[in-house]
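Quick note: numbers below take in every heavy atom, side chains included, and nothing from hydrogens, waters or symmetry partners. Note on naming: letters A, B, ... go to the chains in the order of the sequence lines (proteins, then strands), and numbering restarts at 1 for each one. Predicted model only: the values in this text are computed from it and were never measured.
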Amino acid sequence: MAYDHKKIEAEWQRKWKDQKTFHVKNDPSKPKYYALDMFPYPSGAGLHVGHPLGYIASDIVARFKRHAGFNVLHPMGYDSFGLPAEQYAIQTGQHPAKTTEENAARYREQLDRIGFSFDWSREVRTSDPKFYKWTQWIFLQLFNSFYDSRLNQARPISELIERFESSGCQGQDAEVLTGDVEEIVGPFTAAEWKSFSDRTQQMVLQYFRLAYLSEAWVNWCPALGTVLANDEVKDGVSERGGHPVERKRMKQWSLRITAYAQRLLDGLDELDWSGALKETQRNWIGRSTGASVRFAVDDDFIEVFTTRPDTLFGVSFLTLAPEHLLVGKYTTEAQRAEVEAYVKSATNRSERERQAEVDKISGVFTGSYAKHPFTGAEVPIWVGDYVLAGYGTGAVMAVPGGDQRDWRFAKHFNLPIIAVTEGADIEKSADERKDAVICSDGFMKGMKVADAIPRAIEELEKLGAGEGRINYRLRDAAFGRQRYWGEPIPVYYKDDIPYPLPESALPLELPEVDKFQPTETGEPPLARAKQWAWDETNERIVANGGGSPLETTTMPGWAGSSWYYLRYMDPHNEEQFASPEAIDYWKQIDLYIGGNEHSTGHLLYFRFWTKFLYDLGVIPFDEPAKKLVNQGMIQGVSMMANVVVARTEKGDRYELLPIAEERNGAFHRNYPIEHVEFKDGRYTISEAGAEATRNENPTFREYHLTSKEIEVKPLVEKMSKSKFNVVNPDDIIERYGADTLRLYEMFLGPLEQSKPWDTHGIEGTSRFLRKFWNLFFESDIMSVSEEAPTAPELRTLNATLKKVTEDIDKMSFNTSVSQFMIAVNELHALRCNKRDVLEPLTIALAPFAPHIAEELWKQLGHSDSISTAPWPQWHARFLEEDNFSYPISFNGKTRLQLVFPVNLSKEEMEAAVLANLEVQERLEGKTPKKVIIVPKRIVNIVL
RNA sequence: GCCCGGGUGGUGAAAUGGUAUACACGAGGGACUUAAAAUCCCUUGGUCCGCAAGGGCCGUGCGGGUUCAAGUCCCGCCCCGGGCACCA
């Protein structure tokens, strides 16, 4: 019987579905294992061969764990709120729910064909009101909580209110009250708190809530018409779509992730995540230790953060960010016009412009001076846009002798540069060495930087002019999106103050709107809803005007994905996001697999929400995933042509240009690229492209395309529809089958690595499966022998079981596939068709190639699914050979290959080697200094 | 600039400090076939010696070191990929 993948795969996929083979119950009598994939956003493009890579890996582990007796939770769902469906809705008027539904159905079809063992009865979708009811519920908990820095955990906001009522707001708590809380700046007493109006109290509380509304500088993307979080902006443009991003000050919902900065950092230590990923998160959190220093200005002061308080004697000016709230206050009348003009131009420039002009130095003097805390000297106060408003206090003490940025600013404006370290050439540049010795006159003179820093902090504290401080680069996460297709934020407004909806009002479902774009006045699409107000007394949604207006922004894409893993544990629960019993049984994710594009976005929010829910006491762990693996990308191969792009005296200049494959003797262009046009059988440079290229190389004009001038070469790049290099898994499955696809994707290389797809290579794994199949058949008839296996057969079997068992544990699937191939080649050579060899091998192959394994299992006479067959154990005793051919080295150089029995002890082995005639001949009567014996490896004789 | 990963055949890649290049692709040669497909077999790091069987030398980015033995460990470089970045 020939191996018919189509028939076998269709049949078993149907059986698994009909018999609910992979439905899992919360069964506390069995040990659990939770293997989770990052759920996909169902895009319209469908899957390419790169997408299922991680799913195949987690499916292998999930299936393996089932064989090993675990109760395995291996679910799948859709991150179904998102931008593309909304953009499509704006263009076509099609409701995003509809496109999402269609795309999800297509995904499901494609996923099913690969033969995953997902429990689809637990499917979740973030856009399902039954799901986002709980996303909204968590938001309400965030809104109703504050971070108690004394207990180092989130607590109910009611506790804070009690604290204000009994003892007011003092010390560290009060530090946050610096901004726009009407007249409230800094500490207040209990009596004062009680005297505040409800409105003022609510505004004060916004400074403490973990979900809060504030006036803040945000990343505004005009093209997308929405605010973006920091991780959604890269190089000044939006990560999705690449649209320019501006800085804009507006009222904005944020989550206080910064409160968790230290715990997010500390938590990394105990996680089994890749070093690179942990490092990325550490960088993103960006902890730096240093000092907070206050420079007195008249009766007030300017506070700065520095990592180098040891350089305080080198301070020659202060620089404030243009957005700094005190700029206006410290600008003298004489300087006012100039400063205001500067601030205006600085704040108007986009983030991107600012980044592009890093080399341009600009700034302006305010006319005022601050007092140096140590020397009492007058320090001029400047404004400069090299200081960022959002980091530290938005002001720096400038030490041109110790910081290159300050040095350039000082040079440019001719400000004094004071040497702070010994051996520094301050005329040339600042001395940023951290192992230098301080040369400033005073109490730090002669000290090493590392010793001077704590000494300076001590001195600051003594003077009351500052203290040690830790700063984080991490910012609070912008949480409101001016878009339609997201979870509505369950909040209504009275007198411009937000109030939470009662939990009984959840889910707050997305209202119908006539159009999906912003309103004419620039309000979010939800402002188009007719019924979007809250009637407090009757607790129901009413027509606009009939109650308090509801919030019109929606949550960002990462809201639902920050907790979805908990919902899989108990997906149909209507009373809770998941029952405590279910959570207590499944606990953390044992294995989480997904792409590394989520290192600073999803994975940070995911951990943040988990820690918050832990603080709430609703889950018993504070990290979501113990082990995480980032699968690499499978890249596409685009054909590139090496064509003459210019003729110069020296010869032709070649350049790689993207091009099609050759068809019928002609080159067909696969995709457009800027700079290049294809017209009348010639490639030419577009005007804009020519302009750009001419600047780079004046000889560049145009080039001809003739078959002689072309050499087509492959270029490895990201697989994407726009590059015409997409390989569709459906086509591969059609031709080779899902089992071959699964094996090949694993065989391609280490899971974490990116690697190019090469369709040729699949022949090897396809051939392997046919060979494996043929071991069971002789001229189309099932022919499996009940005879006892021979020693070499047992050796092959056990070596394979050992390797595969160990490899799955290490997630090294490429090497296990190789081992299967070796085994099949060996068994073919041995003409082995013994049941006792083939049956365990079939079980071992089942996680990788489940369809063929099921079919062969059936053919072997089993009536149940192979998926719960006990995992075969390997036995070391079968791996031993009687004799082993040892390489005999002399001083490390291999000279002889001699066979000795393996069961000799070291002493016996040494005696046997030295007694050997060929060895004696080599030794020429000399006595070796040392004989090194490594069992079953090598013998080295040191002369 | 700071911080992480990596550099092994034509390619994807193996290798608890112990015979470097397993496995697969590609390439070359051969068998079967009218032919093709499919299948099977052989060769495939470089170089030198040999008619041959076979053997020598060199080889894991570069230069040192530790060790009987280094792709693997240590020191100093070079190159590639990634993260963060006027973050004070």
Novice: Write down the distance between CH2 (A:W273) and P (B:rG82), rounded to a whole number of angstrom.
Specialist: 22 Å
Novice: If I pick the C1' atom on B:rU21 and the same atom on B:rG12, what distance separates them, to the nearest angstrom?
Specialist: 13 Å
Novice: For RNA chain B, which residues in residues 387-400 of chain A have a heavy atom at a distance below 4.0 Å?
Specialist: A:V387, A:L388, A:Y391, A:V396
Novice: Given the P atoms of B:rA15 and B:rA22, what is the spacing between them in whole Å?
Specialist: 13 Å
Novice: Dump the intermediate steps for side-chain hydrogen bond (donor to acceptor under 3.5 Å, both in side chains) on A:T796 and A:E826, then the final yes or no.
Specialist: CA-CA 7 Å; A:T796 298; A:E826 286 177 2; 2.7 Å; yes
Novice: Detail all sub-3.5 Å separations between protein N/O atoms and N/O atoms belonging to nucleotides 10-12 of chain B.
Specialist:
from: B:rG12; atom 1: O2'; to: A:L748; atom 2: O; distance (Å): 2.3

Novice: Just the rounded figure in Å: distance from C1' of B:rG82 to CG of A:N630.
Specialist: 12 Å
Novice: Does NZ or CZ of A:K802 fall inside the cone over A:W874's six-membered ring, less than 6.0 Å from its centre and within 45° of the axis?
Specialist: yes
Novice: Do nucleotides 55-61 of chain B as a string where each nucleotide becomes B, S or -: B if the base has a protein heavy atom under 4.0 Å, S if just the sugar-phosphate does, - if no protein is that close.
Specialist: ---S---
Novice: Can you tell me how far P in B:rG17 sits from the matching atom in B:rC51, rounded to whole Å?
Specialist: 45 Å
Novice: Mind checking who B:rG1 pairs with, Watson-Crick or G-U wobble, both distances under 3.5 Å?
Specialist: B:rC84
Novice: Could you check how far CD1 of A:I941 sits from P of B:rU19, rounded to whole Å?
Specialist: 16 Å
Novice: Partner of B:rA37 by Watson-Crick or G-U wobble geometry, both contacts under 3.5 Å, or none?
Specialist: none
Novice: What interatomic distance, in whole Å, is found between P of B:rA24 and the corresponding atom of B:rA36?
Specialist: 25 Å
Novice: Tell me the partner of B:rC73, counting only Watson-Crick (N1-N3 plus N6-O4 or O6-N4) or G-U wobble (N1-O2 and O6-N3) with both under 3.5 Å; none if nothing fits.
Specialist: B:rG65
Novice: With a 3.5 Å limit on both atom pairs, tell me what B:rU44 is paired to, counting Watson-Crick and G-U wobble, or say none.
Specialist: B:rG26
Novice: Taking atom CD as the centre, does A:E763 end up with more than 12 heavy-atom neighbours from other residues, nucleotides or ligands that are less than 6.0 angstrom away?
Specialist: yes
Novice: Determine, using ring centers only, whether A:F884 and A:F900 are less than 6.0 Å apart.
Specialist: no
Novice: With a non-hydrogen cut-off below 4.0 angstrom, is A:D758 in contact with a base, only sugar-phosphate, or nothing?
Specialist: sugar-phosphate
Novice: Without placing hydrogens or testing angles, list every side-chain donor-acceptor pair under 3.5 Å for residues 935-943 of chain A, not counting sequence neighbours.
Specialist:
from: A:N940; atom 1: OD1; to: A:G892; atom 2: N; distance (Å): 3.0

Novice: Under a 3.5 Å cut-off for both distances, is B:rA52 Watson-Crick or wobble paired, and to whom?
Specialist: none
Novice: Angle between ring planes, A:F374 versus A:F313, binned at 30° and 60°: parallel, tilted or perpendicular?
Specialist: tilted
Novice: Which parts of residues 927-937 of chain A get close to RNA chain B, meaning a heavy atom less than 4.0 angstrom away?
Specialist: A:K930, A:I932, A:V934, A:R937
Novice: Return the value, rounded to whole Å, for the distance between atom NE2 of A:H828 and atom C1' of B:rC41.
Specialist: 15 Å
Novice: Only pairs under 3.5 Å count here: list side-chain donor-acceptor contacts from residues 406-413 of chain A, not counting sequence neighbours, and write none if there are none.
Specialist:
from: A:D406; atom 1: OD1; to: A:Y386; atom 2: OH; distance (Å): 2.8
from: A:D406; atom 1: OD2; to: A:V399; atom 2: N; distance (Å): 2.8
from: A:W407; atom 1: NE1; to: A:I426; atom 2: O; distance (Å): 2.8
from: A:R408; atom 1: NH2; to: A:V358; atom 2: O; distance (Å): 3.2
from: A:K411; atom 1: NZ; to: A:E427; atom 2: OE1; distance (Å): 3.4

Novice: Looking only at atom P, what distance separates B:rG18 and B:rC73, rounded to whole Å?
Specialist: 11 Å
Novice: How far, in whole Å, is B:rG45 from B:rC23 if one measures between their P atoms?
Specialist: 12 Å
Novice: Quick one: is B:rA24 close enough that its OP1 or OP2 comes under 4.0 Å of any side-chain N or O from A:N825?
Specialist: yes
Novice: When both hydrogen-bonding distances must be under 3.5 Å and the geometry is Watson-Crick or G-U wobble, what is B:rU60 paired with, if anything?
Specialist: none
Novice: For B:rA15, what is the paired nucleotide under Watson-Crick or G-U wobble rules, both distances under 3.5 Å?
Specialist: none
Novice: Using the test salt bridge (charged side-chain N to carboxylate O under 4.0 Å, His left out), find all partners of A:D266 that sit at least two apart in sequence or belong to another chain.
Specialist: none
Novice: Taking the P atom in each of B:rU60 and B:rG55, what is the distance between them to the nearest angstrom?
Specialist: 23 Å
Novice: Can you name the atoms? Protein N/O to nucleotides 37-40 of chain B N/O, anything below 3.5 Å, with the distance.
Specialist:
from: B:rU39; atom 1: OP1; to: A:R770; atom 2: NH1; distance (Å): 2.8

Novice: Is B:rC79 paired to anything, Watson-Crick or G-U wobble with both distances less than 3.5 Å, and if yes, which nucleotide?
Specialist: B:rG6
Novice: Determine if the base of B:rG9 is syn or anti; take syn to mean the glycosidic torsion is within 90° of 0.
Specialist: syn
Novice: Side chain to side chain donor-acceptor pair (under 3.5 Å) with A:Y605: which residues, sequence neighbours excluded?
Specialist: A:D231
Novice: Which of the following nucleotides, B:rC86, B:rC4, B:rA13, is nearest to the side chain of A:N814?
Specialist: B:rA13
Novice: Nearest whole angstrom, please: distance from the P of B:rC68 to the CD of A:E910.
Specialist: 16 Å
Novice: How would you list, by chain and number, every residue that makes a salt bridge (charged side-chain N to carboxylate O under 4.0 Å, His left out) with A:R433, sequence neighbours excluded?
Specialist: A:D431
Novice: Distance between the C1' atoms of B:rC62 and B:rA53, in whole angstroms?
Specialist: 40 Å
Novice: Looking at residues at least two apart in the chain, or sitting in another chain, which of them share a side-chain contact (heavy atoms from CB on, under 4.5 Å) with A:A452?
Specialist: A:D310, A:I438, A:M444, A:M447
Novice: A:Y744 and A:T759: side-chain donor and acceptor closer than 3.5 Å?
Specialist: no
Novice: Which residues within residues 277-294 of chain A lie with some heavy atom under 4.0 Å of an atom in RNA chain B?
Specialist: A:E279, A:T280, A:N283, A:W284, A:S288
Novice: Could you work out which one of B:rA13, B:rA24, B:rA88 sits closest to the side chain of A:T307?
Specialist: B:rA88
